[in-house]
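I have placed the structure first, in the form of structure tokens, so that the comments after it can refer back to it.
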Protein chains: 2
Amino acid sequence: MTPAGKRILDAAGGLFYREGINAVGVALVADTAGVTKKTLYDRFGSKDELVVHYLQRRHDDWWAYLDERLAAAAPPRTLVLIDAYVSHPGLEAARGCAFINAAAELPPGHAGWEVIRAHKRAVRTRLAELIAQDAPQADAEDLAEHVFLLIEGAIAHTGIDGGDGRVQKARDLAARLLREDARAG
Amino acid sequence: MTPAGKRILDAAGGLFYREGINAVGVALVADTAGVTKKTLYDRFGSKDELVVHYLQRRHDDWWAYLDERLAAAAPPRTLVLIDAYVSHPGLEAARGCAFINAAAELPPGHAGWEVIRAHKRAVRTRLAELIAQDAPQADAEDLAEHVFLLIEGAIAHTGIDGGDGRVQKARDLAARLLREDARAG
DNA sequence: CCCTGGTTATACCGATCGGTATACATCCAG
DNA sequence: CTGGATGTATACCGATCGGTATAACCAGGG
């Protein structure tokens, strides 16, 4: 990754997320990065490919942040995953989940869809693993889907409500589900 | 509402939902409606106002459909609300929730935001009323928020997964929560 | 020393964007 | 029978879109 390429990805990361993908032109991305359009097209080939790189980096960054938090955490680590959503520096409450937003904008067949689906699949899988550790008594798959829906509902509304209140609420509800499992057997 | 105005709203309803708001130009809306751009601007003044009308009508249509289904249903009517999401004719699984999609596209300050927030608030309020009837033993507000998050998580993923499987799952989980309340006391 | 890869600068392309202007047809109500 | 509202048809506007072309500059390595 050349220095200019990294600056382009930085600029695209901020602009696509904050303003929306379709609302941001390549010229604005290039200007913000302090780079000419020529350089942008030399590095990424097209806006569509730049969008794919933007989504992939968004996933990689958050995934690394999640691993970091999980490694340093005591059980129940399921709640750490939820905490990582609100605490990770790339999230802005007024804009919500970058992947849900992108899904609403990208046309069917766009290469970015693969990255979006892979991201959600990865989160869902990781959640199932954490649940299996935190709630050994429960039907782990069922509980994982339950908590996953709570999380997705909450972060989908982060951008609409403009705050992370619903994520906190989802965390409380998930914590109660885990507690109830601990009491059961 | 003039005949041409209604046709414009019909065309906009399909195009904005299926292709995305920013991806559809006013010329395409006018052509699809069999109407000139002049007529479109005579009726709606600007694309932004047309978008507001589109969202408002989307809400009104679904709300009327929901009332219809609720009137003819026996308890637990909470589940009827969830069923209305998947069964209402305007929803296409591959596109998911029109309001979540619009929220991802509209710039901050756009008049459409009021319609989006009002819609979600209305659903949330209605849900609380139904829960209060279906689960009189529970902390109704708490349970309403719980079920609301399940629903929103599921429909947010309808557009990503391309099917309503997660909504059905959310329905099952909500049904179990109601049953558990009935057992408790 | 010179060649190559990364970069800047600038100008350009056709297409499409949201929005406006002009002129003419139709039709219903006063 | 006439005037205003509703509509069609068409052409146009400046701005911006994604993407390309040409030319020069500069640093590092064979």
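Just so it is clear, the model here is predicted, and its values are computed rather than measured. Just so it is clear, the values below take in all heavy atoms, side chains as well, and ignore hydrogens, waters and symmetry mates.
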If I take atom [atom1] in residue [X] and atom [atom2] in nucleotide [N], what distance separates them, rounded to the nearest angstrom?
| X | N | atom1 | atom2 | result |
| --- | --- | --- | --- | --- |
| Arg43(B) | dG19(C) | CZ | C1' | 16 Å |
| Lys47(A) | dT20(D) | NZ | P | 15 Å |
| Asp42(B) | dA21(C) | CG | P | 12 Å |
| Phe16(A) | dG18(D) | CZ | P | 8 Å |
| Tyr41(B) | dG18(C) | OH | P | 6 Å |
| Leu50(B) | dG18(C) | CG | C1' | 12 Å |
| Leu28(A) | dT16(D) | CG | P | 11 Å |
| Leu40(B) | dT8(D) | CG | C1' | 14 Å |

### Message
If you assign Val24(A) and Lys38(B) each to the DNA chain D nucleotide with the nearest heavy atom, which residue ends up on the more 5' nucleotide?
### Response
Lys38(B)

When you compare the side chains of [X] and [Y], does any donor N or O come within less than 3.5 Å of an acceptor on the partner?
| X | Y | value |
| --- | --- | --- |
| Tyr65(B) | Ser87(B) | yes |
| Gln56(B) | Asp60(B) | yes |
| Thr78(A) | Asp134(A) | yes |

### Query
Can you name the closest pair of heavy atoms from Arg77(A) and Leu70(A) and give their distance?
NE-O, 3.5 Å

#### Entry: Stepwise side-chain contact (heavy atoms from CB on, under 4.5 Å) test for Asp10(A) and Arg57(A)
CA-CA 10 Å; Asp10(A) 286 342; Arg57(A) 194 167 91 139; 2.5 Å; yes

### Message
From the set dT7(C), dT20(D), dT10(D), return the single nucleotide nearest to any side-chain atom of Thr36(B).
### Response
dT10(D)

### Query
Less than 4.5 Å apart, any side-chain heavy atom of His59(B) and any of Ile116(B)?
no

#### Entry: Atom CD of Glu129(B) with >12 non-hydrogen neighbours under 6.0 angstrom
yes

### Pairing pattern in dot-bracket form [Watson-Crick, G-U; both distances under 3.5 Å; | = partner strand] for DNA chain D
||||||||||||||||||||||||||||||

### Query
So what does Thr2(B) hit on the nucleic acid, given a heavy-atom distance under 4.0 Å: a base, only sugar-phosphate, or nothing?
sugar-phosphate

